[in-house]
Amino acid sequence: MRDFENIENLGQIDTSYKGESILKIDKSDLVKCEFLRCMIHDIQESSFYGSSFADCNLRDLQAKKNDFSYVNIKTSDMSTGFLHHSIIKHSAFSTVNFLASIFKYADVEKVEFTGCDFAKTVFNGVTFKNVSFKDCEFDDSAFRDCKFLACDFSEVKKLQNCFLAACDMIECKMPEGDDIIIRREVFYLDEENATDEVTCLSIDFLNSEATTGDEAIEEKKAETL
């Protein structure tokens, strides 16, 4: 197990930390580093606090009870990762791939996501507060027991066939305009008893290919979020 505390100015070094358990990467500047299938656990010992990442590979990152506050991550791959009971505050993510990642019971506050891909990403029990999603893409993403407080989706690039169950959206900004259609389709996972309500949310933009969402709904009825 390595202690990555205060790693600074790695520059163009292609550093690889495959499958390692990491203690700390706080207040560090990392460029073109690989953290493939790494594990970081326990917020008291491990942290990404105050670090910046550029062109890094963080695929399959397993993070539990960690602090991602004041983090700047850009042009990096965080796909198929698992962030559990983690804090993400006062941070910025630019052109980050979150494809098929899982956010579970995370606290996300005052974070800017720009140009990020959240396709097939699952959010469970996540609280978003003052979070913006500019030029981000959500496609077949799922949200359960999430809270959105004063979040900004007004400049989202794509939002198609997203499934929301037991979610609250309070004072959030959505795209507006005559060339925008917001579609909400409600169905029940338990149709017989009309329980487990799920909303399929899509936003159609002028001159973009619209989807009905019917096929996705039929697939989701056979699953649980």
* Below 4.5 Å, heavy atoms only, C-beta onward: do Lys89 and Asp67 meet side chain to side chain? -> no

* Decide yes or no for Val186 and Val198: does some side-chain heavy atom of the first lie under 4.5 Å from some side-chain heavy atom of the second? => no

* Heavy atoms from other residues, nucleotides or ligands near CD1 of Ile181 exceed 12 (cutoff 6.0 Å) -> no

* To do: Drop me the distance from Lys147's NZ to Asp107's CG, to the nearest 0.5 angstrom.
  => 11.0 Å

* Closest heavy-atom contact between Leu149 and Cys172? -> N-SG, 4.4 Å

* **Closest non-hydrogen atom pair, Pro175 against Ile182** => O-CD1, 3.8 Å

* To do: Under the ring pair (Phe, Tyr, Trp, His ring centres under 6.0 Å) rule, collect the residues that match up with Tyr49, sequence neighbours excluded.
  => Tyr70

* Using a 4.5 Å cut-off on heavy atoms from C-beta on, say whether the side chain of Lys104 contacts that of Val126. => no

* Between CD1 of Ile87 and NE2 of His85, what distance do you get to the nearest 0.5 Å? -> 10.5 Å

* Check the pair Ile180, Ile203 against side-chain contact (heavy atoms from CB on, under 4.5 Å), reporting the backbone distance first and the verdict last. => CA-CA 7 Å; Ile180 293 171; Ile203 298 178; 3.7 Å; yes

* **Nearest-0.5 Å distance, SG of residue Cys33 to CZ of residue Phe35** => 5.0 Å

* **Cluster link Val108 to Met169, ILVMFWY, side chain under 4.5 Å** => yes

* So, Ser79 side chain and Asn97 main chain: donor-acceptor pair closer than 3.5 Å or not? -> no

* Can you hop from Met174 to Phe128 via hydrophobic side chains spaced under 4.5 Å? -> yes

* **Closest non-hydrogen atom pair between Phe143 and Ser141, with its separation** => CE1-CB, 4.1 Å

* To do: Can you see which heavy atom on Met78 is nearest to which on Leu61, and at what distance?
  => CE-CD2, 4.3 Å

* What is the minimum heavy-atom distance between Gly115 and Cys136, and which atoms define it? -> N-SG, 3.9 Å

* Asked: CZ of Arg144 to CG of Leu164: how many Å apart, nearest 0.5 Å?
  -> 11.0 Å

* Asked: Does Val111 reach the side chain of Phe93, with side-chain heavy atoms less than 4.5 Å apart?
  -> yes

* To do: Could you check if a side-chain atom of Lys74 sits within less than 4.5 angstrom of a side-chain atom of Thr95, using non-hydrogen atoms only?
  => no

* Structure fact -> Of all heavy-atom pairs linking Ala63 and Ser86, the shortest is O-OG, 3.8 Å

* Checking side-chain contact (heavy atoms from CB on, under 4.5 Å) for the pair Val156/Phe113: CA distance, chi angles, key distance, verdict? -> CA-CA 10 Å; Val156 69; Phe113 293 100; over 6 Å; no

* **Reported CZ-to-SG distance for the pair Arg184 and Cys162, which is rounded to 0.5 angstrom** => 12.0 Å

* If only atom types and distance count, is the side chain of Ser76 paired as donor or acceptor with the main-chain N or O of Cys56 below 3.5 Å? -> yes

* Between the main-chain N or O of Leu30 and the side-chain N or O of Ser51, is there a donor-acceptor pair closer than 3.5 Å? -> no

* Would you check, one step at a time, whether the test side-chain contact (heavy atoms from CB on, under 4.5 Å) holds for Asn161 with Cys200? => CA-CA 6 Å; Asn161 303 326; Cys200 179; 4.1 Å; yes

* Structure fact -> Rounding to 0.5 Å, atoms OG (Ser202) and CD (Glu185) come to a distance of 7.0 Å

* Please assess Tyr105 against His84 for the test side-chain contact (heavy atoms from CB on, under 4.5 Å), listing each intermediate value before the final yes or no. => CA-CA 6 Å; Tyr105 305 121; His84 185 221; 3.9 Å; yes

* Determine yes or no for a side-chain-to-main-chain donor-acceptor pair under 3.5 angstrom, with Ser101 supplying the side chain and Thr80 the backbone. => yes

* Is there any salt bridge (Lys or Arg N to Asp or Glu O under 4.0 Å) pair reaching into residues 52-63, and which pairs are they, with sequence neighbours excluded? -> Arg59-Asp77

* **With sequence neighbours excluded, residues passing ring pair (Phe, Tyr, Trp, His ring centres under 6.0 Å) with Phe138** => Phe118, Phe133

* Only counting residues at least two apart or in another chain, list the ones meeting ring pair (Phe, Tyr, Trp, His ring centres under 6.0 Å) with Phe103. => Phe98, Phe123

* Sequence neighbours left out, what pairs pass salt bridge (Lys or Arg N to Asp or Glu O under 4.0 Å) with at least one residue falling in residues 154-168? => Glu137-Lys157, Asp139-Lys158

* Sidechain-backbone polar pair: Ser91 side chain, Phe68 backbone, donor-acceptor under 3.5 Å -> yes

* **Qualifying side chain to side chain donor-acceptor pair (under 3.5 Å) pairs, either residue in residues 108-123, two or more places apart** => Lys120-Asp140

